Each structure stands twice: as structure tokens, then as C-alpha cells.
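First the structure, in the form of C-alpha cells, and then the observations on it.
Every chain is numbered from 1 and lettered A, B, ... according to where its sequence line falls, protein lines coming before strand lines. All values reported here derive from a predicted model rather than from experimental measurement.
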There are 2 protein chains.
Amino acid sequence: MNLTFRQLKVFEVVARRLNYTSAAKELHLSQPAVSMQIKQLEEQANTPLIEKLGKKLYLTEVGNEMYNYARSTMQQLLDLEETISQMKSLHKGHLKLAVASTANHFVIRMLARFARVYPKISISLDVTNRSTLLELLEKNECDLVVMGRPPEGHNLTARPFLENPLVVVAHPEHYLVREKKVSLKELAREEFVIREQGSGTRGAVERFFKEHNLKFRTKMDMSNNRAIKHAAEEGLGLAIVSLHTLEIELRAKTLNIINVEGFPIYRHWYVVQREGKRLSPIAKVFKDYIMQEAEGLIKDFNLPIGL
Amino acid sequence: MNLTFRQLKVFEVVARRLNYTSAAKELHLSQPAVSMQIKQLEEQANTPLIEKLGKKLYLTEVGNEMYNYARSTMQQLLDLEETISQMKSLHKGHLKLAVASTANHFVIRMLARFARVYPKISISLDVTNRSTLLELLEKNECDLVVMGRPPEGHNLTARPFLENPLVVVAHPEHYLVREKKVSLKELAREEFVIREQGSGTRGAVERFFKEHNLKFRTKMDMSNNRAIKHAAEEGLGLAIVSLHTLEIELRAKTLNIINVEGFPIYRHWYVVQREGKRLSPIAKVFKDYIMQEAEGLIKDFNLPIGL
DNA sequence: ATATACCATAAGCAATAGCTTATGGTAACA
DNA sequence: TGTTACCATAAGCTATTGCTTATGGTATAT
């Protein structure tokens with residue numbers, strides 16, 4: 001059976017009005033055009049759908065079934081159109097994000113504002129490490145990723161949208177905290193608690209030390225940012241972390257920033273997507289949103305760090 | 001939006017396989033044919049449905065919605081086909097009947113057997129009086145009617161299928177019951193309990209008396225057949241009823257048939273439909289069924305009446 | 001670097017979908 | 001009995017559909 005939506009539409013009108021001529025008017029067609037559509041539909045169904053007794057039209061039993069089908073199908077089509085149109089107009093839809101652990105804090109802050117503007121969209125947020133992020137991009141399992149500078153050669157498009165200052169922190173009683181200016185040489189004598197090998201932060205710090213021909217000594221490395229800060233609080237070593245993750249600790253004065261020569265190391269946060277990826281409407285809007293708003297939002301919660 | 005079933009079908013395969021070439025094979029088409037259908041569907045939706053990242057295909061968010069829609073719609077179409085095919089093959093369907101009150105008894109008996117043969121069909125049975133039956137036919141609100149001879153000039157097709165003997169009954173103690181043969185003259189001295197004016201039975205009886213130049217005196221008329229018989233049982237008068245309605249009373253010996261000259265009056269039951277009415281398959285079968293089986297079925301429960 | 005697998009695009013062609021106008025037939029109605 | 005309202009059918013026309021084959025581009029794998 002090879003129906004057309006046209007046949008169903010015309011049949012729906014005829015079945016409703018039980019009158020070809022007035023159906024033709026409603027459809028802005030000639031009366032024979034209607035007759036033909038019905039005839040074709042009857043040929044497809046291989047059974048009469050409408051019967052004429054005297055002057056009046058009646059639906060046959062099969063015709064009645066077809067009428068139900070026509071209405072149901074056309075309603076479904078309307079629903080689909082509605083859904084698509086909502087998706088396009090961003091009133092609905094799903095946004096799949098993934099962010100580096102370190103970016104979690106301020107991305108969530110931005111998401112909260114964004115979600116208030118588009119209340120009907122739903123969001124998946126995966127907070128994970130760098131290699132998993134790259135994997136997600138690879139498998140096209142998310143729309144956008146927020147992370148540090150991605151490696152070359154993965155067919156990724158990355159746009160920096162926010163500075164990511166790395167600072168050195170220690171617990172308040174650390175002797176370097178009192179120093180007005182700490183040289184790199186002094187710093188290099190310390191031991192550090194820092195993110196694991198392969199993380200963006202770790203890479204940047206190691207490069208920084210290498211550039212200055214200094215040795216970087218790690219006391220401990222961990223994949224959990226909170227744990228790193230906690231270790232620093234406990235005096236296990238100095239920590240080098242993104243300023244954006246320090247809000248609470250600075251407020252609570254459980255950690256202090258050390259004013260080191262050459263610091264903060266300015267890295268950047270990037271919005272990353274697969275090259276050639278056609279973003280969903282909502283993803284496109286979110287990307288624009290963070291590109292524009294990031295600076296302002298961060299300022300709102302940045303604390304004076306005296307640098 | 002003006003989709004075609006073809007587009008949906010092709011899209012369904014592509015969305016399922018996420019591979020144009022293999023979809024083309026499944027559909028026995030060339031690969032460009034598939035590309036074009038998808039392209040057209042995307043034009044209709046005015047948004048991409050499938051995206052290619054590297055070598056792999058992915059559904060966009062809207063594409064996923066469309067996929068759900070396509071599957072649902074195609075499933076509905078299958079259901080419709082199934083329903084129609086069942087209707088055609090008589091495994092399903094609805095039979096709308098109406099019968100004269102007097103015919104109720106044996107029609108139900110036939111229906112019971114019929115329903116056993118076609119267990120999945122449903123039946124509406126309207127038991128009502130003659131004028132309502134004609135109205136139902138007029139409005140095409142039933143497939144078939146079983147009644148006495150219908151009047152001319154209603155554009156009806158009527159076929160007699162069963163004799164309908166009208167007999168005179170009285171309660172067992174009535175003095176005429178004992179008579180071997182009662183003349184019409186004797187009968188005419190009696191008063192009768194009978195169906196209302198306009199009913200088939202009443203018409204036939206009045207015509208019968210008129211033909212024999214006798215006066216027909218009614219004691220009481222009622223539209224309910226059971227009430228008529230009950231009145232006769234109570235001795236209110238003689239009743240003239242269809243033999244087919246007497247099974248229980250004869251068995252129970254609460255009424256006796258009086259052997260009157262010229263009785264039974266042989267009338268007929270007719271299957272009636274609107275002229276030109278296209279019967280549904282199941283109605284057609286039922287009509288054939290009662291034309292063939294009526295005699296045999298009636299014999300099964302006819303009682304000897306000693307005529 | 002080359003081969004391979006896959007999709008997009010273009011050109012061309014036959015079938016038909018989808019109308020239109022004109023006309024004919026029939027039931028209802030006055 | 002003619003008139004009216006309605007549906008069916010026929011003829012004819014155009015735009016579109018739905019393919020095909022040929023070809024080109026690109027990401028991945030070797």
C-alpha cells in the first residue's frame with residue numbers, strides 16, 4: 001500500500017464533510033481533483049472507503065478506519081512540526097557538554113544563567129579529565145567541550161574564550177606567603193602538589209619550569225582538584241591551580257596566593273568542537289553565549305589577588 | 001512541511017544503518033537515490049537530520065526526532081493495513097443489524113451460530129418496531145434489517161428468506177382449544193390481543209379479516225410481543241402471533257394453538273437493505289448465511305403444531 | 001603516498017502526480 | 001417534469017518525482 005499524505009489530507013476533509021464539492025472548496029481545488037484523490041486512495045486500499053446512497057455520502061467500515069488513521073497521522077505530523085520548530089527556536093532541545101574538572105566551577109556558573117534564559121532545554125554535563133574529553137569529542141558524544149588548549153591533529157576546532165591564570169597557593173602559615181615577591185629560584189626549591197601527568201595544568205607548569213631551566217619537584221599528584229587544594233592546606237606542599245577554582249578557599253582564607261615572579265601563568269580556556277560538526281541550534285547559542293559573557297561572569301566572582 | 005512516505009522509509013533505513021551505501025542496497029536503489037531522498041527530507045524539515053563527521057554518520061537532534069516519527073508512522077501504516085486486511089478477510093469487522101421485535105427470537109439464534117463461525121467480528125443488534133427499522137434503513141445506520149415485507153417506494157431491496165406463520169393462540173382452558181377445527185366465523189366472534197397499528201403482524205391480520213369480510217375486534221393492542229402473549233395467557237383474548245415467537249409458551253403449555261380455518265397465515269421474513277448499498281464483506285456473508293441456513297435452523301426449534 | 005570506502009553532485013530521462021476544464025449521469029425536490 | 005445539486009469521467013497539460021549513470025571530493029587505512 002502506497003499512500004500519500006495528499007490523499008490522506010483530502011480524504012480527511014471529505015470524510016469530515018461528507019461532501020466532495022464543499023471539500024474541494026475547503027481545499028481550494030476543483031471538485032474532480034478531490035474525486036481523483038479519493039479514487040486513488042481507494043485503489044491503494046483496494047476497497048471502497050466512501051459510498052453514495054442516493055444523494056448522501058457515507059463512510060464504509062474501512063473508510064471509517066482510514067479516517068481514524070488519517071487524523072492520527074496528520075496529528076502526529078503536526079506534533080513533529082511543533083517539536084522541530086521548538087527545537088529550532090531553542091525552546092526545547094538537549095545540550096551535551098563536557099568540561100575539564102578544573103573548568104567545572106565557572107562553567108556551571110555560566111550554565112545556571114544560561115538555563116534560566118532557556119528554561120525548557122535540558123543539559124548533560126560531563127565533568128571529566130582531558131583524555132576522556134578528547135575521547136568524547138572523537139565519538140561525537142557531546143556538542144561542545146570546555147577545556148584547556150587541545151592537542152593538534154585531532155580535527156578539532158578550538159576557540160579561546162577566557163584567560164585561565166594559574167597561581168601558586170599555600171596554607172596561610174607558609175613562609176613564602178609573607179614574602180612580597182618570590183623569585184622563581186626560590187620557588188623551585190619547594191615541592192609541589194599538582195594535577196596528574198597529562199592534564200593541561202600539569203603540562204603548562206612543566207613547560208613553564210623547563211623554559212626557565214628549573215627543576216619541578218612534585219610531592220604528590222592527584223586527579224582531583226579539591227584534593228590538591230586540601231593537600232596544600234595541610235602543608236604537603238605548594239599547589240599550582242587555576243585561579244578560577246579558588247573562590248571558596250580564598251574567601252575562607254584557608255589558602256593564600258603567593259606572589260611569584262612570572263606568575264600567574266596565563267593559559268586559556270577553550271570551547272572545543274569537532275571540526276565540521278554542525279552544532280545544534282541550542283549548542284550554537286550556548287557557544288556564542290560563553291564567548292561573549294565569560295569575561296563579565298568571571299569578573300563577578302573574581303577576588304582581588306593583589307597582583 | 002510536505003513529507004512523503006518514500007522519504008520517511010528511506011530515512012528510516014539510513015537512520016538505522018547510518019550508512020547510505022548499505023541503505024541503498026537494502027532498498028534496492030543506487031546510492032545517489034538515497035542521498036537525494038534524504039536531502040529532500042532535510043529541505044522539508046529545513047534543518048539537517050544527518051551529519052557526517054569524518055567518515056561516520058550521526059543523527060542530529062532533529063534527525064533523532066524524525067527517526068522516531070518515521071518509525072511510529074510506518075508502524076501505524078502497518079497496523080492500518082493489517083486492520084483493513086482483516087476486515088476484508090472477515091476476521092474482524094462490525095455488523096450492524098436491526099430486526100423487528102417479532103423476529104428477534106430466531107434471528108438471535110442464527111446470530112449465535114454465525115458469531116461462533118466469525119468470533120472476532122462484533123455485532124450491533126437493534127430490536128425495534130417497523131417504523132424505526134425503516135428509519136434506520138433511511139439513514140443508513142445499519143447494514144441489514146430483518147423484518148416483514150417492507151413497504152414500496154423506499155428504495156429498498158428485500159428478499160424473503162423464511163416463512164412466517166401467524167397462528168391463533170389462547171390459554172389452555174379456552175373453549176376453542178378443544179375444537180378440532182374452528183371456522184373463521186367462529187373466530188370472528190372473539191376479541192383479540194395483538195400488536196399495535198402499523199406493525200407488520202397487525203397489518204397482515206387486518207387484511208386477512210377484510211379479505212374474508214369479517215370484522216376484527218381488538219381487546220387490546222400492545223407493542224411488546226411478550227406482553228401480548230401474557231395477556232392471552234391471562235385470558236384477555238385470543239392472540240395472533242408469529243409461530244416463531246411461541247417456543248417457550250408451547251413447551252410450557254401456557255398457550256395453545258387453535259386450529260383455525262385458513263390459518264396459519266403465511267407471511268415471510270425479509271432481509272432488507274437500502275437499494276444500491278454496498279454491503280461490507282461481513283454483512284454480505286451474513287446475508288448469504290441467513291438465506292441458506294434459515295430454514296434448517298427454524299426446523300431445529302419448530303415445534304409440532306398439529307396442522 | 002596510495003588505495004579504498006563513502007557520500008555529494010550533476011545531467012538526463014521516463015513516469016506520473018496533480019491539476020484544470022468540459023461534460024455526462026443521477027437522486028432529490030418543487 | 002424540469003431543475004438543481006452533486007459526483008464521475010475524460011482529455012490534456014505541466015511540473016515534479018524518482019530514478020539512473022558518471023564523476024568528483026574527502027577521510028581513513030596501509
Side-chain angles (χ1 to χ4, degrees), chain A residues 1-11 13-15 17-44 48-60 63 137-140 152-157 274-278, chain B residues 2-11 13-15 17-44 48-60 63 137-140 153-157 274-278:
Chain A
M1 190 150 55
N2 207 346
L3 314 180
T4 70
F5 280 100
R6 186 88 189 121
Q7 285 161 11
L8 290 182
K9 175 63 194 157
V10 171
F11 178 74
V13 177
V14 172
R17 311 186 74 112
L18 290 172
N19 181 316
Y20 284 59
T21 309
S22 83
K25 272 177 196 154
E26 177 174 331
L27 292 159
H28 304 291
L29 285 178
S30 65
Q31 167 263 312
V34 173
S35 293
M36 287 158 76
Q37 291 289 339
I38 301 298
K39 198 177 169 189
Q40 285 171 30
L41 188 58
E42 288 182 329
E43 272 166 21
Q44 289 302 322
L49 302 172
I50 292 177
E51 65 175 348
K52 192 181 170 185
L53 288 180
K55 214 171 173 175
K56 269 192 179 169
L57 299 183
Y58 300 90
L59 291 182
T60 63
L137 284 167
E138 183 79 21
K139 293 186 187 163
N140 195 32
E152 300 295 325
H154 281 247
N155 295 322
L156 298 174
T157 304
R274 282 190 68 147
E275 206 171 300
K277 162 108 184 159
R278 273 189 296 209
Chain B
N2 207 347
L3 314 180
T4 69
F5 280 100
R6 185 86 189 124
Q7 284 162 12
L8 290 182
K9 176 62 194 160
V10 171
F11 178 73
V13 178
V14 172
R17 310 186 74 112
L18 290 173
N19 181 316
Y20 283 60
T21 309
S22 84
K25 271 178 198 154
E26 176 173 332
L27 292 160
H28 304 291
L29 286 176
S30 64
Q31 167 264 312
V34 173
S35 292
M36 286 157 77
Q37 290 290 339
I38 300 298
K39 198 178 169 190
Q40 285 171 29
L41 188 58
E42 288 183 328
E43 272 165 20
Q44 290 302 322
L49 302 172
I50 291 177
E51 63 174 349
K52 192 181 170 186
L53 287 180
K55 214 171 176 175
K56 269 193 179 168
L57 298 183
Y58 300 89
L59 292 182
T60 64
L137 284 166
E138 183 78 22
K139 293 187 187 161
N140 196 32
H154 280 247
N155 295 321
L156 298 174
T157 304
R274 283 190 68 147
E275 207 171 298
K277 163 105 183 163
R278 273 190 297 209

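A side-chain contact (heavy atoms from CB on, under 4.5 Å) with B/Ile50 is found for one member of B/Thr60, B/Ile38, B/Leu41 and no other, namely B/Ile38.
Protein atom NZ of A/Lys55 is 18 Å distant from nucleotide atom P of C/dG25, rounded to whole Å. Separating the CG atom of B/Leu57 from the P atom of C/dA8 is a distance of 7 Å, rounded to the nearest angstrom. The OH atom of A/Tyr20 sits 8 Å away from the P atom of D/dC7 (whole-angstrom rounding). One atom, CZ of A/Arg274, and another, C1' of D/dT26, lie 14 Å apart when rounded to the nearest Å. When rounded to the nearest whole Å, the span between NZ of A/Lys56 and P of D/dA5 equals 17 Å. Rounded to an integer number of Å, the gap from OH of B/Tyr58 to P of C/dC7 is 13 Å. Rounded to a whole Å, the CD atom of B/Glu51 is 15 Å from the C1' atom of D/dA27. Rounded to an integer number of Å, the gap from A/Asn19 CG to D/dC6 P is 6 Å.
Nearest heavy atoms, A/Val14 versus A/Ala23: CG2-CB, 3.7 Å.
A side-chain N or O of B/Ser35 and one of B/Gln31 form a donor-acceptor pair less than 3.5 Å apart.
Nucleic acid contact class of B/Ser30 (heavy atoms, under 4.0 Å, all strands): base.
Within the structure, a side-chain polar atom (N or O) of A/Gln37 is placed less than 4.0 Å from OP1 or OP2 of C/dC19.
The residue among A/Gln40 and B/Asn155 whose nearest nucleotide of DNA chain C is located toward the 5' end is A/Gln40. Of the residues near DNA chain D, B/Lys52 and B/Arg6, the one whose nearest nucleotide (by heavy atom distance) lies more toward the 5' end is B/Arg6. If B/Ser22 and A/Leu29 are placed on DNA chain C by their nearest nucleotide, the residue sitting closer to the 5' end is B/Ser22.
Minimum atom distance to the side chain of B/Ser35 is reached by C/dT9, of the listed C/dG18, C/dT9, D/dC7. In the set D/dC6, C/dT20, C/dC6, the nucleotide with an atom closest to the side chain of A/Thr21 is D/dC6. Distances were taken from every side-chain heavy atom of A/Pro32 (C-beta onward) to each of C/dA22, C/dC7, D/dC7; the shortest belongs to C/dA22.
If you take CD on B/Glu275 and CG on B/Leu156, they are separated by 8.0 Å, rounding to the nearest 0.5 Å.
With B/Gln44 contributing its side chain and B/Asn2 its backbone, the two residues share a donor-acceptor pair below 3.5 Å.
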